[in-house]
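Notes follow once the structure below has been shown.
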Amino acid sequence: MTKNLVIVESPAKAKTIEGFLGKDFTVKSCFGHVMDLAKKGLGVDIENGFIPQFVISPDKKKVVADLKKLAKDAQKVWLASDEDREGEAIAAHLVDALDLREDGIHRIVFHEITKPAILQAIENPRSIDQYLVMAQQARRVLDRLVGFELSPLLWKKVKPALSAGRVQSVAVRLIVEREEEIRNFQVVSSFRIIALFPVKNGKKTTMVQAELNKRFDTHDEAIAFLEQCRDAKFTVEDIETKPSKKSPAPPFTTSTLQQEASRKLGFSVANTMRVAQELYESGKITYMRTDSVNLSGLALGMAKTEITDSFGKEYVKTRNYVTKTKGAQEAHEAIRPTYMDRHSVEGDRSRKRLYELIWKRTIASQMADAELEKTTVTIGISGTSEKFTARGEVIRFDGFLKVYMESSDDNSPEESEKMLPPMNTGDILEAGEITAEQRFSQQPARYTEATLVKKMEELGIGRPSTYAPTISTIQKRGYVVKEDREGILRPYVMATLKDGEITEKTQTEKTGFEKNKLFPTDIGTVVNNFLLQYFENIMDYNFTARVEEEFDEIAQGKMVWNKMIGEFYGPFHEQITGTLEGTKKVSGARVIGTDPKSGEKVLVKIGRYGPMAQIGEGEEGQKPRFSSLKKGQSIETITLEEALDLFKLPRNLGLYGDSEVIVSTGRFGPYAKYAGAYYSLAKTDDPLSITLERAVEIITEKQKEAQSRIIHEYPEEPTLRVLNGRYGAYISYNKQNFKLPKGTKPEELTLEDCRKIVSETQPTKSAKGRKKK
DNA sequence: CAGTGAGCGAGCTTCCGCTTGACTT
């Protein structure tokens with residue numbers, strides 16, 4: 001029996017708050033939303049004003065039952081869900097699900113988990129803001145209508161089990177369009193001129209690097225310029241020294257944490273969130289799903305003390321950052337260490353590194369600016385108006401740079417700006433060497449998971465709690481793949497003027513190398529183009545921003561929620577029925593040429609099982625020939641030659657022992673088939689060129705590997721074996737798997753023991769069964 | 001887990017945002 005029951009969203013938060021409130025308070029968590037639209041069907045009554053059918057989520061039945069029991073016994077129930085649209089709805093759903101009395105509702109909110117903030121909240125309870133609840137309802141209903149009407153359309157027009165939605169479809173669009181930009185990108189080259197001037201500085205000579213203020217379009221112009229420099233005089237014409245400042249980046253939000261962890265630590269978005277969750281649950285950091293850069297007064301104070309103690313008071317600068325993100329709800333603080341004097345944490349390497357990143361970023365955000373001095377030296381060339389420019393930078397006061405520097409997403413190497421030796425206007429310089437180097441324009445960068453999140457946040461699409469799941473959804477649906485690409489070697493020309501001689505050589509550099517980048521698949525491209533053609537309004541980058549404005553008006557009581565939904569749904573539903581009736585199935589078919597052997601058309605398209613190539617169209621009773629595309633190939637870019645290669649499979653490599661070895665490409669990539677069994681080829685093997693020797697090598701190696709997994713075999717029962725698997729030993733019997741009871745020693749199992757286990761335990765679910773779930 | 005691509009039809013798939021564990025062959 002408790003006097004006061006406080007309900008918050010997160011259990012870690014509940015534990016902290018319970019410590020702040022006395023023994024008269026019990027603090028429990030509802031684990032986020034407890035009610036949602038019914039999973040089956042639309043869950044929205046379109047005929048009667050779009051009334052949503054909210055039901056208690058199946059996985060929250062127990063939570064709700066437990067809370068209900070506690071609420072019944074409590075004198076007062078305090079609803080302390082987050083102060084935003086979703087939080088208000090959670091409070092309203094709790095009233096409903098727990099059968100709370102309307103007059104006994106105490107809704108409280110706080111933005112930071114500190115004792116004064118909690119106590120102040122308790123002093124100022126309010127009722128539930130029904131307008132805000134209606135705004136959430138509008139958001140939820142709109143997303144359901146869009147998702148559950150568009151997805152079935154895709155099942156009919158493209159492929160079953162696809163999905164579309166306000167957020168995911170726009171995320172895919174970004175990736176498809178970026179790929180298009182890259183495909184259409186015209187690489188142009190120009191010649192950059194760099195000069196090295198030896199400058200005496202006392203006894204030492206420093207090489208000063210200067211770049212010409214002009215690039216030449218052609219090789220001939222660049223060489224002509226070098227010729228001109230051969231006898232030219234170089235004079236220091238101007239030296240300008242300017243003080244400059246650098247300021248620290250604001251503390252982390254979910255999105256910026258994901259970006260920095262990706263750049264600095266190489267973490268995937270999901271990995272960052274998993275590790276951050278661990279840090280949060282063990283009380284090391286504040287909540288990790290936030291869009292706010294705000295720090296509590298308590299945090300500011302702790303940071304100030306910490307910086308003063310560690311670096312001195314001249315390094316302190318207390319700053320309040322303002323969130324600029326579109327549609328930010330600011331229900332939480334920024335992500336920060338709970339205690340600023342904890343410089344590191346226990347745990348595995350990734351936990352340590354992520355914590356350290358958060359600590360440095362937070363501390364740096366409260367430190368003084370770095371003070372720099374930038375020097376620009378302009379060097380004139382006799383006989384031409386072009387100038388060389390040398391730049392140098394000196395740090396006068398390091399400030400926050402002592403702790404942390406934000407990384408950038410550009411793949412251009414940082415211009416190394418070093419200290420320049422003293423020089424004077426009028427100095428005559430000698431050119432040590434002058435180099436003309438061919439440089440190429442850079443294609444737009446493909447998205448990483450983290451830069452996609454950044455872009456989505458800019459567009460106001462998705463929320464901190466959904467960035468990671470959305471990225472996993474678009475990959476799971478097969479719209480997008482995260483992949484590496486081998487670069488190609490590109491030759492470039494370099495001409496050097498040294499000691500009056502111009503020498504030229506061709507060198508090579510690697511270009512187009514990609515690591516963990518997002519590429520659209522053919523399905524992604526076809527679905528995107530289809531949606532763009534018929535639902536341009538939903539796919540508009542500003543669609544979310546516009547509906548968010550209307551949700552805000554609903555929250556302010558200036559707009560009626562179901563009127564807003566009605567105005568959207570009428571035209572939208574007409575688009576759906578119009579497209580349903582007015583279009584044929586889309587396949588993205590593209591004729592890429594003619595088969596020289598048969599003279600028939602060769603085309604590529606999306607088939608029932610994915611991207612495929614096809615020879616002939618099945619006219620005059622001829623059956624077309626089919627082949628799936630290989631991994632990495634796309635119907636957008638495949639050439640006729642590559643497509644024709646596909647039809648050279650399967651290949652018979654010849655006999656090994658008594659059986660033939662046949663290679664081909666299947667659903668899971670290239671494989672060799674031998675004596676009725678399948679063996680996957682390695683990534684580096686090409687089924688078109690692999691030799692019998694290499695295939696046999698793979699086959700024998702895999703056979704040996706399979707042999708080593710066997711712990712026991714019993715001649716009396718050939719289908720029963722004890723095997724070593726990923727999760728330890730298990731029994732395989734008649735293609736079903738059985739777990740071993742705890743404490744079993746697999747080495748000592750007799751056939752009798754195994755038979756007993758098989759008859760007494762349930763087989764584990766097969767991989768197929770789980771995937772379907 | 002593996003080579004498919006005729007056609008029919010039943011029954012299934014799906015959204016976005018809040019939260020954590022359960023469980024893995």
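In what follows, chains are A, B, ... by sequence order, proteins preceding strands, each numbered from 1. Being a predicted model, the structure only gives us computed values, none of them experimental.
Closest approach to the Tyr678(A) side chain among dA2(B), dG5(B), dT19(B) is made by dA2(B) (side chain taken as heavy atoms from C-beta onward). Taking every side-chain heavy atom of His33(A) into account, dC18(B) is the closest of dT20(B), dA2(B), dC18(B). Side-chain atoms of Tyr671(A) lie closest to dA2(B) of the nucleotides dC15(B), dA2(B), dT13(B). Counting only heavy atoms from C-beta on, Arg463(A) has its side chain closest to dG17(B) among dG5(B), dG17(B), dT13(B). Closest contact between the side chain of Trp155(A) and the listed nucleotides dT14(B), dG3(B), dC16(B) involves dT14(B).
The phosphate of dT14(B) has OP1 or OP2 within less than 4.0 Å of a side-chain N or O from Arg477(A). Look at Arg608(A) and you won't find any side-chain N or O under 4.0 angstrom from OP1 or OP2 of dA6(B). Under 4.0 angstrom from either OP1 or OP2 of dC18(B) there lies at least one side-chain N or O belonging to Ser465(A). At dA2(B), none of the side-chain N or O atoms of Thr665(A) fall inside 4.0 Å of OP1 or OP2 (strictly under the cut-off).
A straight line from CE of Met456(A) to C1' of dG17(B) spans 12 Å, rounded to a whole angstrom. Rounding to whole angstrom units, CZ of residue Phe148(A) and C1' of dT14(B) are separated by 5 Å. Between Leu154(A) atom CG and dC15(B) atom P there is a gap of 11 Å when expressed in whole angstrom units. The nearest whole Å value for the distance from the OH atom in Tyr280(A) to the P atom in dT20(B) is 6 Å. In this entry the distance linking CD of Gln168(A) with P of dG17(B) reads 11 Å, nearest Å. Distance Tyr569(A) OH to dC15(B) C1': 14 Å, rounded to the nearest Å. Note: OH (Tyr467(A)) to C1' (dC18(B)) measures 15 Å, nearest angstrom. Across the protein-nucleic acid pair, Tyr679(A) atom OH and dA2(B) atom P stand 15 Å apart, rounded to whole Å.
Residue Thr473(A) is classed as a sugar-phosphate contact, given heavy-atom separations below 4.0 Å to backbone atoms only. Asp82(A) comes within 4.0 angstrom of the backbone, heavy atoms only, and of no base. Counting any heavy atom pair closer than 4.0 Å across all strands shown, Arg274(A) reaches no nucleic acid atom. The residue Ser29(A) sits apart from the nucleic acid: no heavy atom pair falls under 4.0 Å. As judged by a 4.0 angstrom heavy-atom cut-off over every strand, Gln614(A) is placed among residues making no nucleic acid contact. Among the protein residues, Pro160(A) comes within range of the nucleic acid bases, having at least one heavy atom under 4.0 Å from a base atom. As judged by a 4.0 angstrom heavy-atom cut-off over every strand, Leu162(A) is placed among residues touching the sugar-phosphate backbone only. Within the nucleic acid shown, Ala164(A) comes within 4.0 Å of sugar-phosphate atoms alone, with no base atom in reach, counting heavy atoms only. At a threshold of 4.0 angstrom between heavy atoms, the contacts of Pro469(A) with the nucleic acid are absent. No engagement by Val146(A) is indicated, since no non-hydrogen atom pair under 4.0 Å with the nucleic acid exists. Among the heavy atoms of the strands lying under 4.0 Å from Ser151(A) is at least one base atom, whether or not backbone atoms are also near. Heavy atoms of Gly610(A) sit under 4.0 angstrom from at least one base atom. As judged by a 4.0 angstrom heavy-atom cut-off over every strand, Thr466(A) is placed among the base-contacting residues. Looking at heavy-atom distances under 4.0 Å, Arg85(A) makes no contact with the nucleic acid at all.
A residue-by-residue look at Tyr287(A) and Ala38(A) shows that Ala38(A) has its nearest nucleotide of DNA chain B further toward the 5' end. Each of Gly607(A) and Gly462(A) was assigned the nucleotide of DNA chain B with the nearest heavy atom; the assignment lying further toward the 5' end belongs to Gly607(A).
Glu86(A) and Arg139(A) are joined by a salt bridge, as a carboxylate oxygen and a charged side-chain nitrogen come within less than 4.0 angstrom of each other. The existence of a salt bridge linking Asp36(A) and Lys60(A) is excluded, since no basic side-chain nitrogen approaches an acidic carboxylate oxygen closer than 4.0 Å. Between Glu9(A) and Lys13(A) there is no salt bridge, since no side-chain nitrogen of the basic residue lies less than 4.0 Å from a carboxylate oxygen of the acidic one.
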As a quick check of understanding, evaluate side chain to side chain donor-acceptor pair (under 3.5 Å) for Gln575(A) and Asn537(A), giving each step before the final call. CA-CA 10 Å; Gln575(A) 274 174 285; Asn537(A) 49 339; 3.0 Å; yes

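For dC16(B), the base has no donor-acceptor partner in the side chain of Arg144(A) [N/O atoms by modelled type, under 3.5 angstrom]. Side chain Ser680(A) to base dA2(B): a donor-acceptor pair is found below 3.5 Å.
Annotation for Lys702(A): atom NZ counts as buried by contact number, over 12 foreign heavy atoms lying within 6.0 Å.
In this structure, Phe626(A) does not pack face-to-face on the six-membered ring of dT4(B), missing the 5.5 Å centre cutoff or the 30° plane limit.
Proximity of Leu452(A) to Thr470(A): side-chain heavy atoms (C-beta onward) are nowhere separated by under 4.5 Å.
Relative to the six-membered ring of Tyr541(A), Arg173(A) meets both conditions, a distance below 6.0 Å and an angle of at most 45° to the axis. Within the cation-pi definition used here (under 6.0 Å to the ring centroid, within 45° of the axis), Arg477(A) does not qualify as a partner of Tyr479(A).
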